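Owing to the predicted nature of the structure, the values given are computational and were not obtained by experimental measurement. Just so it is clear: chains get the letters A, B, ... in the order the sequence lines come, proteins before strands, and each one is counted from 1.
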Protein chains: 2
Amino acid sequence: MQSFTIENYLKKIYHLTQRENKPVQTNAIADGMNTSAASVTDMIKKLSAKKLVNYTKYQGVTLTEEGNKKAINIIRKHRLWEVFLVNTLHFKWDEVHEIADQLEHVKSDVLIDRLEKHLNYPITDPHGDLIPDKNGLFKDVNFKPLNLLHQNQEATIVGVSEHSSSFLKRLEELNLIIGQKITFINVVDFDNSIEIKILDNQINISKEIAKNILITI
Amino acid sequence: MQSFTIENYLKKIYHLTQRENKPVQTNAIADGMNTSAASVTDMIKKLSAKKLVNYTKYQGVTLTEEGNKKAINIIRKHRLWEVFLVNTLHFKWDEVHEIADQLEHVKSDVLIDRLEKHLNYPITDPHGDLIPDKNGLFKDVNFKPLNLLHQNQEATIVGVSEHSSSFLKRLEELNLIIGQKITFINVVDFDNSIEIKILDNQINISKEIAKNILITI
DNA sequence: ATATTTTTTTAGATTTGTCTAAAAAAATAT
DNA sequence: ATATTTTTTTAGACAAATCTAAAAAAATAT
Ligand SMILES: [Mn+2]
Ligand SMILES: [Mn+2]
Ligand SMILES: [Mn+2]
Ligand SMILES: [Mn+2]
């Protein structure tokens with residue numbers, strides 16, 4: 001019963017591991033899950049007993065192969081549902097995350113197969129995040145933050161690394177949406193903001209925004 | 001947390017009330033939910049405290065207006081998801097119930113609105129069960145069991161009152177699917193089985209089957 | 001009217017996931 | 001090297017949903 005609590009822990013540990021490649025600390029999980037460190041310790045012990053994480057007291061956790069596989073599968077489901085919500089039900093990209101957080105826990109492999117087929121085997125979700133295949137494999141791509149471009153380099157927006165609704169809405173206002181072509185002009189010394197050309201206009205965006213936009217050249 | 005336990009109780013009480021129009025007994029719920037009578041008594045008290053059921057000890061329960069509304073909303077969601085699974089993802093009608101039992105608990109009114117629109121405002125689910133509208137109102141229809149037809153009456157299959165996979169699969173084998181036109185021939189005295197004409201063939205079906213097929217004239 | 005059977009409720013436990021407060025360990029600063 | 005701060009764990013409790021066994025009430029049979 002209630003197996004989606006475990007699923008949410010695995011997902012959180014997975015994402016925290018991606019960011020920094022070392023054992024995830026109890027407090028980091030607690031923060032990310034809006035719960036207490038004590039609760040996390042309790043849960044870690046359960047996950048460890050189920051062989052879903054490697055755990056030694058005071059040393060943080062890493063996912064076992066089994067735990068990793070489970071986490072990736074949930075992420076796969078989450079992202080496919082997001083594609084469904086945007087492509088089939090016409091939600092906007094800033095409206096789908098919370099609903100997908102519920103849908104990702106529905107258990108039925110054949111459902112996900114059919115959904116994937118219906119969506120025509122998408123490679124990325126509405127935010128440009130890669131959708132792992134049935135075996136948990138991610139396609140190899142070359143996405144990097146917009147702020148790492150050089151003068152006069154052209155690039156195409158392919159994703160975002162921040163998913164808050166306010167950020168996504170702001171991007172839409174600026175036409176900084178997936179598929180959009182942009183040209184890097186220069187960095188403004190004073191505040192590190194960035195000038196870019198988009199749809200024949202030159203605009204200025206903060207470094208904060210720039211580094212959360214992923215592009216490919 | 002875990003509000004779908006409550007939702008499942010409400011749904012079960014709703015369905016049991018439909019069958020016999022009187023307070024639902026503890027044991028009936030326990031049977032239907034595969035749980036113990038003691039657990040049901042516990043839960044009934046909680047539902048009663050939340051004013052979702054009317055309860056007096058030893059007298060069974062009925063849904064309050066609030067409880068009824070909630071139950072109907074879950075049924076609405078269940079049936080819309082079943083339509084989605086059959087129409088959009090091409091599942092067969094005997095494959096969708098268990099998945100819909102999970103999907104029905106996803107919380108998002110706008111999701112259901114969009115789903116309903118995507119499905120083109122269906123009136124019935126894949127089993128011919130009516131889909132209540134947003135206000136919980138059911139369309140008024142005139143469905144009755146096939147076994148109540150008279151000699152030579154023509155009718156169209158519009159639903160089923162039994163949802164087991166084995167029953168649905170059997171119906172499909174016999175071409176007894178929704179939309180199919182049939183003609184009632186006669187009842188066989190010996191075993192109360194029924195002769196019908198379907199697609200220019202005459203076939204015999206048991207009374208058990210006949211009474212679980214809903215038709216309209 | 002009494003006895004028997006069936007149904008329902010209570011009593012007391014258990015499991016899951018959570019909490020706060022206190023103790024222990026590890027990391028950091030002086 | 002010691003003291004201070006931060007992080008993590010333990011101890012003990014709680015709410016939700018479940019269980020079994022026993023008691024109580026209601027229904028049924030004689
Ligand atoms: Mn998301
Ligand atoms: Mn996403
Ligand atoms: Mn169903
Ligand atoms: Mn149905």
>> Strictly by salt bridge (Lys or Arg N to Asp or Glu O under 4.0 Å), give each pair with a member in residues 132-146 of chain B just once, sequence neighbours left out.
In response: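 Of all non-adjacent pairs touching residues 132-146 of chain B, those that pass salt bridge (Lys or Arg N to Asp or Glu O under 4.0 Å) are B:Asp113-B:Lys134.
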>> Considering only residues two or more places apart or on different chains, which pairs with a residue in residues 58-76 of chain A satisfy salt bridge (Lys or Arg N to Asp or Glu O under 4.0 Å)?
In response: A:Glu66-A:Lys70, A:Arg76-A:Glu116
Taking only N and O in the side chain of [X], is any of them less than 4.0 Å away from OP1 or OP2 of [N]?
{"X": "B:Thr35", "N": "D:dC19", "answer": "yes"}
{"X": "A:Asn27", "N": "D:dT6", "answer": "no"}
{"X": "B:Gln25", "N": "C:dT7", "answer": "no"}

> Considering residues at least two apart in sequence or located in another chain, which fulfil the salt bridge (charged side-chain N to carboxylate O under 4.0 Å, His left out) criterion with A:Arg114?
Replying inline: none
>> A:Glu208: which residues meet the salt bridge (charged side-chain N to carboxylate O under 4.0 Å, His left out) condition with it, sequence neighbours left out?
In response: A:Lys211
> Can you check the B:Leu47 CG to D:dA17 C1' distance for me, whole Å?
Replying inline: 12 Å
> Rounding to a whole Å, what distance do you find between A:Lys22:NZ and D:dT7:P?
Replying inline: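 Spelled out: NZ on A:Lys22 to P on D:dT7 is 12 Å.
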> Which parts of residues 9-20 of chain A get close to DNA chain D, meaning a heavy atom less than 4.0 angstrom away?
Replying inline: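 Within this stretch, nothing sits under 4.0 Å of the strand.
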> Under 4.5 Å between any side-chain heavy atoms of A:Lys46 and A:Met43, yes or no?
Replying inline: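 Side chain of A:Lys46 against side chain of A:Met43, heavy atoms only: contact under 4.5 Å found.
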> Of the candidate nucleotides D:dT18, C:dT20, C:dT7, which contains the atom at the shortest distance from the side chain of B:Met43?
Replying inline: D:dT18
> Between C:dC19, C:dG17, D:dC19, which nucleotide gets closest to the side-chain atoms of A:Lys46?
Replying inline: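 The listed nucleotide nearest to A:Lys46's side chain is C:dG17.
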>> Going by side chain to side chain donor-acceptor pair (under 3.5 Å), name the residues that satisfy it together with A:Gln18, two or more places apart in sequence or in a different chain.
In response: none
> Residues two or more places apart in sequence or in another chain: which of them pass side chain to side chain donor-acceptor pair (under 3.5 Å) with B:Gln59?
Replying inline: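 For B:Gln59, no residue satisfies side chain to side chain donor-acceptor pair (under 3.5 Å) once neighbours in sequence are set aside.
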> So which pairs with a foot in residues 45-88 of chain A pass ring-ring contact (aromatic ring centres under 6.0 Å, His included), sequence neighbours left out?
Replying inline: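 Counting only pairs at least two positions apart or across chains, the ring-ring contact (aromatic ring centres under 6.0 Å, His included) contacts touching residues 45-88 of chain A are A:His78-A:His97, A:Trp81-A:Phe84, A:Phe84-B:Phe84.
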> So which pairs with a foot in residues 20-31 of chain A pass side chain to side chain donor-acceptor pair (under 3.5 Å), sequence neighbours left out?
Replying inline: none
>> Return the CG to CD1 distance between B:Asp101 and B:Ile74, rounded to the nearest 0.5 Å.
In response: 10.5 Å
> Counting a pair only when it is Watson-Crick or G-U and both distances are under 3.5 Å, which runs of at least 3 such pairs involve DNA chain D?
Replying inline: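 Ordered by first number, the stems with DNA chain D (at least 3 consecutive pairs each) read C:1-30 with D:1-30.
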If you restrict it to nitrogen or oxygen atoms, what contacts under 3.5 Å exist between nucleotides 9-15 of chain D and the protein, and what is each distance?
from   : atom 1 : to      : atom 2 : distance (Å)
D:dT9  : OP1    : A:Tyr55 : OH     : 2.3
D:dT9  : OP1    : A:Tyr58 : N      : 2.9
D:dT9  : OP2    : A:Thr26 : OG1    : 3.0
D:dT9  : OP2    : A:Thr41 : OG1    : 3.0
D:dT10 : OP1    : A:Lys57 : NZ     : 2.6
D:dT10 : OP2    : A:Lys45 : NZ     : 2.6

> With B:Asp191, which residues qualify under side chain to side chain contact (heavy atoms under 4.5 Å, CB included), at least two apart?
Replying inline: B:Val188, B:Ser193
